[in-house]
Each structure stands twice: as C-alpha cells, then as structure tokens.
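Remarks on the structure that follows.
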There are 2 protein chains.
Amino acid sequence: MSLKPTDSELEILHYLWKEGPGTVRQVHEYLAATKEAGYTTTLKLMQIMHEKGLLQRSEEGRSHIYTAGVSEEETQQTLLDRFVETTFRGSAARLVMQALGNHKASQEELDEIRKLLNDIENNR
Amino acid sequence: MSLKPTDSELEILHYLWKEGPGTVRQVHEYLAATKEAGYTTTLKLMQIMHEKGLLQRSEEGRSHIYTAGVSEEETQQTLLDRFVETTFRGSAARLVMQALGNHKASQEELDEIRKLLNDIENNR
DNA sequence: TTACATCTACGAAAATCTTCGTAACAAACG
DNA sequence: CGTTTGTTACGAAGATTTTCGTAGATGTAA
C-alpha cells in the first residue's frame with residue numbers, strides 16, 4: 001500500500017479513524033469546525049478518495065456511508081518512511097531525537113519509549 | 001520562518017547544506033545522479049526558491065553562486081512540527097514510538113536516545 | 001401536488017508545483 | 001571574425017490538488 005494521502009485527505013481519514021463510519025455531512029461538519037470549506041468540496045474530495053481506494057462506502061438510503069479504506073497505522077508508517085527519507089535523509093534516529101528535543105512528552109510516554117528501546121535491543 | 005519547502009526543493013537544500021555554496025550546474029549534476037531532470041528545470045526551481053527566500057545568491061562572473069537561505073535544523077523542525085500535526089494529530093510521542101518500531105536505528109543511536117530520555121526527565 | 005431541503009454526480013476553474021522550450025547574452029575556441 | 005558552448009531569464013504547458021457552481025434525483029413538509 002503506497003497510497004499517499006494529501007493533507008486534506010488525511011483530515012478526512014482522521015475523522016473516520018477516530019469516529020468510525022460516517023456520511024459526507026458528518027465529515028463536512030467536522031472539517032468546517034476548523035476551516036472554511038463548501039459542502040461539495042468535501043463531497044468531491046471523498047468521491048476522489050473512494051476512487052483511489054482510500055475510502056470505502058455503502059449505500060444507506062439516499063446517501064452514502066463512508067469508511068476508511070486504509071488503516072491508520074499502515075498509513076502513518078508509509079508517510080513516516082517517506083518523511084524520514086525526504087526530510088531527514090533516511091535517519092530515523094535523527095528524527096526521533098529532534099522530536100524528543102522539542103516536544104513535551106508525559107512520563108508515561110517516556111517510559112513507553114524506554115521500554116521500546118529495550119525491546120529493540122533484546123530482539124536482535 | 002514558516003516556509004515550507006516542497007520535496008524537490010528539499011533535495012536542492014540538502015545538497016547546499018551538505019556541500020556548501022554551489023552553482024546551478026553543481027546542484028543539477030547532484031540531482032541528475034538519482035533522477036531524470038533537465039538543466040533548466042533545476043535552474044527554474046532555484047530561481048523560484050531564491051524569490052521565496054529559500055536560497056540566497058551572489059554573482060560570480062556570468063553565473064550565480066547559491067547558498068541555502070534557511071538552516072537545516074530550523075527547516076527540519078518546521079517540517080517536523082507540521083508533520084506531527086497532520087499525520088500524528090499532534091502526538092510527538094506516537095511518532096517517536098512508530099519510528100522506533102521500525103528497527104532502523106543502530107546501537108549508538110539507541111544509546112543516544114536513551115540519554116536524551118534521561119535528560120528530559122532530569123530537567124523538569 | 002408543489003415547494004423546499006438534501007443528497008450525488010460532474011465539469012471546470014483556481015492554485016500550486018514541475019517541467020521544459022526558446023531567447024538573449026557573453027565567454028571561449030577555431 | 002564567426003561558431004560553439006554555457007549561462008540566465010522567462011513564458012507556458014502539464015500535473016496534481018483544491019474548490020465550487022450547477023444539474024438531477026429523491027425525500028419532506030405545507
């Protein structure tokens with residue numbers, strides 16, 4: 001799966017990943033809460049995403065119910081790989097360090113990361 | 001500085017960050033090593049980057065010497081912030097964990113990350 | 001029934017990014 | 001001197017993404 005959602009498409013996927021299946025109307029109202037956008041703009045985007053396979057849909061009366069056609073993890077991994085490549089020249093560690101150095105993480109998250117480090121070392 | 005270089009622009013910046021100031025010819029040959037591209041394509045890109053402030057340039061005889069107009073760290077940080085926002089809903093920790101899950105780091109890098117974790121905990 | 005609201009489909013404009021052909025100019029070469 | 005080579009400038013075509021207007025269909029209310 002090397003589909004690469006655009007930023008606009010990602011916003012739509014985020015809604016569906018978080019809230020589950022929904023209509024164009026629901027997605028549109030979610031988007032409209034944070035940005036200007038016409039209803040048909042959202043509709044068209046979702047139609048195109050459906051053509052690309054990013055969304056699946058089923059008929060429900062006279063409207064459609066859309067579902068994410070790609071998983072959140074898989075998509076994030078694809079985008080992450082690409083991002084590491086283009087922005088950090090392939091060095092995931094540099095990305096991690098820059099991210100840690102400039103963002104706040106909770107104690108639980110830090111513990112989680114440390115545990116991951118241990119797992120990685122033990123499993124090779 | 002909220003300039004957002006495109007992927008093509010990043011490739012040019014990478015050359016200049018790594019090799020220092022250079023001509024269109026030098027950048028073009030660097031790019032041509034890994035992808036198809038006409039000389040005037042590279043030229044045009046660099047002219048536009050100059051207009052945007054991404055590159056600075058000085059006359060040198062009949063050609064121009066270009067220099068990166070933005071720092072590597074600053075640019076990576078800007079792109080990282082944006083990427084965390086759009087792809088990981090603002091959770092840097094999730095990005096870090098997903099990046100680590102990919103097992104792409106060496107032992108030295110893992111040690112470095114662990115040290116960073118310690119520093120973060122000690123400094124709050 | 002008629003008018004209105006809501007939905008899909010679709011074409012096309014707008015915006016952005018990428019690519020390249022052509023012109024103009026100057027240096028180097030024969 | 002004239003020709004070739006290497007450079008910038010510039011316009012425009014292509015590609016992709018985003019936006020939206022309009023038409024057609026169907027349900028809903030008066």
Side-chain angles (χ1 to χ4, degrees), chain A residues 2-16 21-67 70 75 78-79 82-83 86-87, chain B residues 2-16 21-67 70 75 78-79 82-83 86-87:
Chain A
S2 61
L3 287 180
K4 201 216 172 199
T6 65
D7 287 355
S8 296
E9 290 172 341
L10 260 185
E11 293 185 285
I12 290 172
L13 285 170
H14 276 305
Y15 174 86
L16 297 173
T23 62
V24 174
R25 175 66 54 188
Q26 291 171 315
V27 170
H28 175 64
E29 262 152 31
Y30 168 74
L31 296 183
T34 56
K35 68 187 254 191
E36 284 289 307
Y39 176 81
T40 54
T41 300
T42 305
L43 171 66
K44 181 68 164 184
L45 256 178
M46 291 175 73
Q47 285 172 341
I48 290 173
M49 289 172 75
H50 178 241
E51 282 172 20
K52 291 186 191 173
L54 286 171
L55 299 184
Q56 294 176 340
R57 73 185 189 187
S58 61
E59 310 255 341
E60 181 74 19
R62 114 190 100 120
S63 74
H64 289 145
I65 305 283
Y66 285 86
T67 313
V70 291
T75 303
T78 300
L79 293 174
R82 196 185 167 95
F83 182 72
T86 59
T87 303
Chain B
S2 62
L3 287 179
K4 202 214 172 202
T6 65
D7 287 356
S8 296
E9 290 172 341
L10 261 185
E11 294 186 284
I12 290 172
L13 284 170
H14 277 304
Y15 174 86
L16 296 173
T23 62
V24 174
R25 174 68 51 191
Q26 290 171 315
V27 170
H28 175 64
E29 263 152 31
Y30 169 74
L31 296 184
T34 57
K35 68 188 250 192
E36 283 290 307
Y39 176 82
T40 55
T41 300
T42 304
L43 171 67
K44 180 69 166 183
L45 256 177
M46 291 176 72
Q47 285 171 342
I48 290 174
M49 290 172 75
H50 178 242
E51 281 171 21
K52 291 186 188 172
L54 285 171
L55 299 185
Q56 295 176 340
R57 73 184 189 188
S58 61
E59 310 257 341
E60 181 74 22
R62 119 192 92 124
S63 74
H64 289 144
I65 304 283
Y66 285 85
T67 314
V70 293
T75 302
T78 299
L79 292 174
R82 196 184 166 95
F83 182 70
T86 59
T87 303

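Letters A, B, ... mirror the listed sequences (proteins, then strands); counts begin at 1.
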Next on the checklist: Can you tell me how the ring of B:Y39 sits relative to the ring of B:H28, calling it parallel under 30°, perpendicular over 60° and tilted otherwise?
Outcome noted: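 It falls in the perpendicular class, over 60°.
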key: Parallel, tilted or perpendicular: rings of A:Y15 and A:Y30 (30°, 60°)   =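 Geometry flag for A:Y15 against A:Y30: tilted rings.
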Which nucleotide sits closest to the side chain of [X]: [options]?
{"X": "A:S63", "options": "D:dC10, D:dT8, C:dT8", "answer": "C:dT8"}
{"X": "B:K44", "options": "C:dC10, C:dT18, C:dC20", "answer": "C:dC20"}
{"X": "B:T41", "options": "C:dT18, C:dC7, C:dC20", "answer": "C:dC20"}

For [N] and [X] - does any side-chain N or O of the residue sit under 4.0 Å from the phosphate oxygens OP1/OP2?
{"X": "B:Y39", "N": "D:dT8", "answer": "yes"}
{"X": "B:R25", "N": "D:dG6", "answer": "no"}
{"X": "B:T40", "N": "C:dC20", "answer": "no"}

- Query: Using a cut-off of 4.0 Å on non-hydrogen atoms, how would the nucleic acid contact of B:Q47 be classed: base, sugar-phosphate, or nothing?
  - Reply: base
Quiz item: Looking across every strand, which nucleic acid part, if any, lies under 4.0 Å from A:T6 by heavy atom: base, sugar-phosphate, or nothing?
Solution: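 It contacts sugar-phosphate atoms only.
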Notebook entry, point to check: What about A:R62, does its side chain sit under 3.5 Å from the base of C:dT8 through a donor-acceptor pair?
Noted result: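 No, the side chain and the base share no sub-3.5 Å donor-acceptor pair.
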Report task. Rounded to the nearest 0.5 Å, what's the gap from OG1 on A:T87 to NE2 on B:H14? Could you check? Result ->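 Nearest 0.5 Å value for the OG1-NE2 distance: 6.0 Å.
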